[in-house]
Number of protein chains: 2
Amino acid sequence: MSVTLKDVAALAGVSRSAVSRTFTEGASVSAKTRSKVEKAAHELGYSPNALASSLTTGRTKLIGLISNNFHNPIFLEVFDQFTRALQERGLRPLIVNLTDETEPANSVRMLRQYSVDAAIVASSTLPPSFAKAFHDAGVPVVHTFGRSATSPEVHVVGIDNVECGRMAARELLARGYKRVGYLGGPKNATSALDRYRGFMEELANHPEIDVTHCFADAYSFEAGRAEMLRFLEDTTAQAYFCGDDILSVGALSALKDHGLQPGQEIGIIGLNDMEMSRWESVDLTTIHQPIKQIITSSVDLIEEMLKEPQRYPEARIFPCRVIERGTLRPRP
Amino acid sequence: MSVTLKDVAALAGVSRSAVSRTFTEGASVSAKTRSKVEKAAHELGYSPNALASSLTTGRTKLIGLISNNFHNPIFLEVFDQFTRALQERGLRPLIVNLTDETEPANSVRMLRQYSVDAAIVASSTLPPSFAKAFHDAGVPVVHTFGRSATSPEVHVVGIDNVECGRMAARELLARGYKRVGYLGGPKNATSALDRYRGFMEELANHPEIDVTHCFADAYSFEAGRAEMLRFLEDTTAQAYFCGDDILSVGALSALKDHGLQPGQEIGIIGLNDMEMSRWESVDLTTIHQPIKQIITSSVDLIEEMLKEPQRYPEARIFPCRVIERGTLRPRP
DNA sequence: GCTCAAGTTGCAACCGGTTGCAACCACAGG
DNA sequence: CCTGTGGTTGCAACCGGTTGCAACTTGAGC
């Protein structure tokens, strides 16, 4: 059926080892043999079987990419960046969709069956135990968008969510809002909790400010909309920090229902700066999370771990900044 | 490092074959041996190496999932559905992001290196030659969202795009629009061409109707917006069929810029019925494409091809229907 | 022409499994 | 007690590669 080492060796009139060596970096082959082999390989349309070689080398170049977030548009950007960054380095993403899975053991077993070289947990709504399960099973792992404080044993790449909460609070204060609210993601997401903490900490210095908060069921449009509708029934905040752009977009939709003009009557600041936030019809003031840098750095880290498996764990934290658009009133 | 057959065999006091057989469906092992092996395997935390076994069985359960569409939110739904459908059947998606790739040969080679059991080309903007390249290389392939007419040798799952174009035209006619336009996807997408053809064919029966058209650069918000802005400069159509919801959303944004009220002053009908189209702030009248059925069927077909590789190619076409929302004026 | 080091090559064992085959076993039927 | 049968088991070869090792080739230096 498919062309193997043996076929090429036969055609080129050399041993199987010689063929193998011409296809492995830095092996000792003479120019003459190499060219004979390359000619034969080309003639037969041979390409080495990566899986078979993984048996002896222990390297598959397969990277498990684990996520559960398929309802937040930012994740289309995340998948795009991850798949491209991995491909550029000759690595292959093996996707695991954890939407209806809560047990780390299953994913770990599955990815070990396929001998992935490493795993990337790309979600802030998966508990630290997920990344830790891979680490404990001896699989190099990076938790992208994770929280470093509670995962000292694994590599974490992302942002300082507490600081982002503070940043949002400062931004609302600077614009003179007196009654503010936090509309966060699900309570099981470390990002939602940390952003909440930062927001509250900063406002604790300003006891004159009135604060409310809530946590949505998910990082999704519907959840953001539902919570904002609830707020609008009895709360009188003038501005909200929504813990994610997709929640913000849901919230904006709720405001529209109530005939409220974002920016003018009610302020909204999001977090992520997803593509959609730039759309004129959304025009969301938001905190930019440097997705591209985070992902490139995650993949760099993966590569380095492959070279040095016992690498001491680190957290790579990237700064965020406010992007001014139309959903907050201007600074005085 | 990791636990192998041999370790389990040694602990259980049986041969390696016995261990292998307890883990393969339908092999002949006595209840006694099986329980001994299972006990030992559990004790050591053994799980078989899928890649090693693929060497002899020729099955990896790896499925190449190839796409280039990472700027259309519908693809988040597509990836979600695909990854789940594959997982449910014990198959593993190996993603290939073709955003900056135009040469099929590379992807084919790559996926053959990983011995994928089959490939799914999930895009209407990739040329038929992509799917064909896999077919020619002996890799079972399904072109989801493909066009059956120009790909008789590969399996295609999707919708009848020509009929959708007609459907859109009929819908605009039924609502009494006299000047209409088609705002399609990129010209290299079979879907964009076929929808165009159907739209025009239907309108050819109504010479009194004034028709314009254009093709956007991509299936993206920006492209849809840009084309609609261009239309608004000199065209006076009353309603547009946008060949995709994301183009529609871009177009809606352009209308808003010009102070035009969709539904009232200018009609828009999309195609896909993505999640966002249901949002109150979008509220897009659109043609529903049954994504879930298409994907489930694609994966079913993949499974059947694995059983019967020489299966005669077929096209599975699912009917679409108009979803009435707020961007077309009501039927009289 | 001889020596020797460096570079090249093939053999054979191995990676972690699967599987055809023949030997073996227990047991039912005569 | 013998025979035949069907189920179970282990051996050994194989899947498509890699790699340590020893043997070989080559060519420079004297």
Side-chain angles (χ1 to χ4, degrees), chain A residues 1-38 40-41 44-62 90 109-117 138, chain B residues 1-38 40-41 44-62 109-117 138-139:
Chain A
M1 150 119 187
S2 74
V3 195
T4 73
L5 258 195
K6 212 167 55 182
D7 306 322
V8 180
L11 181 61
V14 297
S15 72
R16 291 159 51 216
S17 327
V19 180
S20 169
R21 286 195 258 256
T22 59
F23 285 98
T24 48
E25 202 82 8
S28 153
V29 229
S30 67
K32 204 165 60 177
T33 316
R34 152 158 280 134
S35 76
K36 271 196 295 186
V37 169
E38 277 171 352
L44 296 173
Y46 169 75
S47 65
N49 181 328
L51 269 23
S53 71
S54 84
L55 260 190
T56 34
T57 60
R59 283 270 135 84
T60 54
K61 301 198 166 202
L62 249 26
R109 190 158 36 72
M110 202 249 91
L111 287 178
R112 287 204 355 166
Q113 285 186 357
Y114 283 90
S115 324
V116 295
D117 286 349
Chain B
M1 151 122 181
S2 75
V3 195
T4 73
L5 260 194
K6 213 167 58 181
D7 306 323
V8 179
L11 180 61
V14 297
S15 74
R16 289 160 53 219
S17 330
V19 179
S20 170
R21 286 195 256 256
T22 59
F23 285 98
T24 48
E25 203 82 7
S28 155
V29 228
S30 68
K32 206 164 60 180
T33 316
R34 153 157 280 134
S35 76
K36 269 196 298 190
V37 170
E38 279 172 348
L44 297 173
Y46 169 76
S47 66
N49 180 328
L51 268 24
S53 72
S54 84
L55 259 191
T56 34
T57 60
R59 283 269 134 84
T60 54
K61 302 200 165 200
L62 248 28
R109 191 159 34 72
M110 201 249 93
L111 287 178
R112 285 200 0 164
Q113 284 186 357
Y114 282 90
S115 322
V116 295
D117 286 349
V139 180

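Proteins come first, then strands; the chains are lettered A, B, ... in the order of their sequence lines, and each starts at number 1. If you're wondering where the values come from, they're calculated on a predicted model, not measured in any experiment.
Residue T24(B) is classed as a sugar-phosphate contact, given heavy-atom separations below 4.0 Å to backbone atoms only. Residue contacts for S30(A): at a heavy-atom cut-off of 4.0 Å it reaches the sugar-phosphate backbone alone, with no base atom in range. Nucleic acid contact for S53(A): sugar-phosphate only, since backbone atoms but no base atoms lie under 4.0 Å from a heavy atom of the residue. Within the 4.0 angstrom heavy-atom criterion, only backbone atoms of the sugar-phosphate kind lie near V29(A); the bases stay farther away.
When rounded to the nearest whole Å, the span between OH of Y46(B) and P of dG16(C) equals 10 Å. In this structure, CG of N49(B) is placed 16 Å from P of dG16(D), rounded to the nearest angstrom. With rounding to whole Å, Q113(A) atom CD is found 10 Å from dG17(C) atom P. Whole-Å rounding puts the K32(A) NZ to dT26(D) C1' distance at 10 Å. Protein atom CG of D7(A) is 13 Å distant from nucleotide atom C1' of dG17(D), rounded to whole Å. Distance L51(A) CG to dT18(C) P: 14 Å, rounded to the nearest Å. In this entry the distance linking CG of L5(B) with P of dT19(C) reads 12 Å, nearest Å.
Put simply, the side chain of Y114(A) never gets that close to the backbone of T60(A): no donor and acceptor are under 3.5 Å apart. Not a single donor-acceptor pair under 3.5 Å links the side chain of T22(A) to the backbone N or O of V37(A).
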Take nucleotides 10-15 of chain D nucleotide by nucleotide from the 5' end and write B, S or -, depending on whether a protein heavy atom sits under 4.0 Å from the base, only from the sugar-phosphate, or from neither. BBB-BB
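Residues T33(B) and S30(B) have side chains that bring a donor and an acceptor to within less than 3.5 angstrom of each other.
The distance from the CG atom of N49(A) to the OG atom of S54(B) is 7.0 Å, given to the nearest 0.5 Å.
Within the structure, the salt bridge (charged side-chain N to carboxylate O under 4.0 Å, His left out) test picks out the following pairs touching residues 28-38 of chain A (sequence neighbours left out): R34(A)-E38(A).
Checked against side-chain hydrogen bond (donor to acceptor under 3.5 Å, both in side chains), S20(B) has no partners two or more places apart in sequence or in another chain. Listed by chain and number, the residues in a side-chain hydrogen bond (donor to acceptor under 3.5 Å, both in side chains) with T24(B) amount to none (sequence neighbours excluded). Shown here are the ring pair (Phe, Tyr, Trp, His ring centres under 6.0 Å) partners of Y46(A), two or more places apart in sequence or in another chain: F23(A).
When the side-chain nitrogen and oxygen atoms of Y114(B) are compared with OP1 and OP2 of dG16(D), none of them lie within a distance under 4.0 Å. For T57(B) and dT18(C), the shortest distance from a side-chain N or O to OP1 or OP2 is not below 4.0 Å.
Using a 4.5 Å cut-off on side-chain heavy atoms (C-beta onward), L62(A) and D117(A) make no contact.
Across the helix from dG1(C)-dC30(D) to dG30(C)-dC1(D), the helix axis at one end is tilted relative to the axis at the other end by 40° (nearest 10 degrees, each axis from five pairs).
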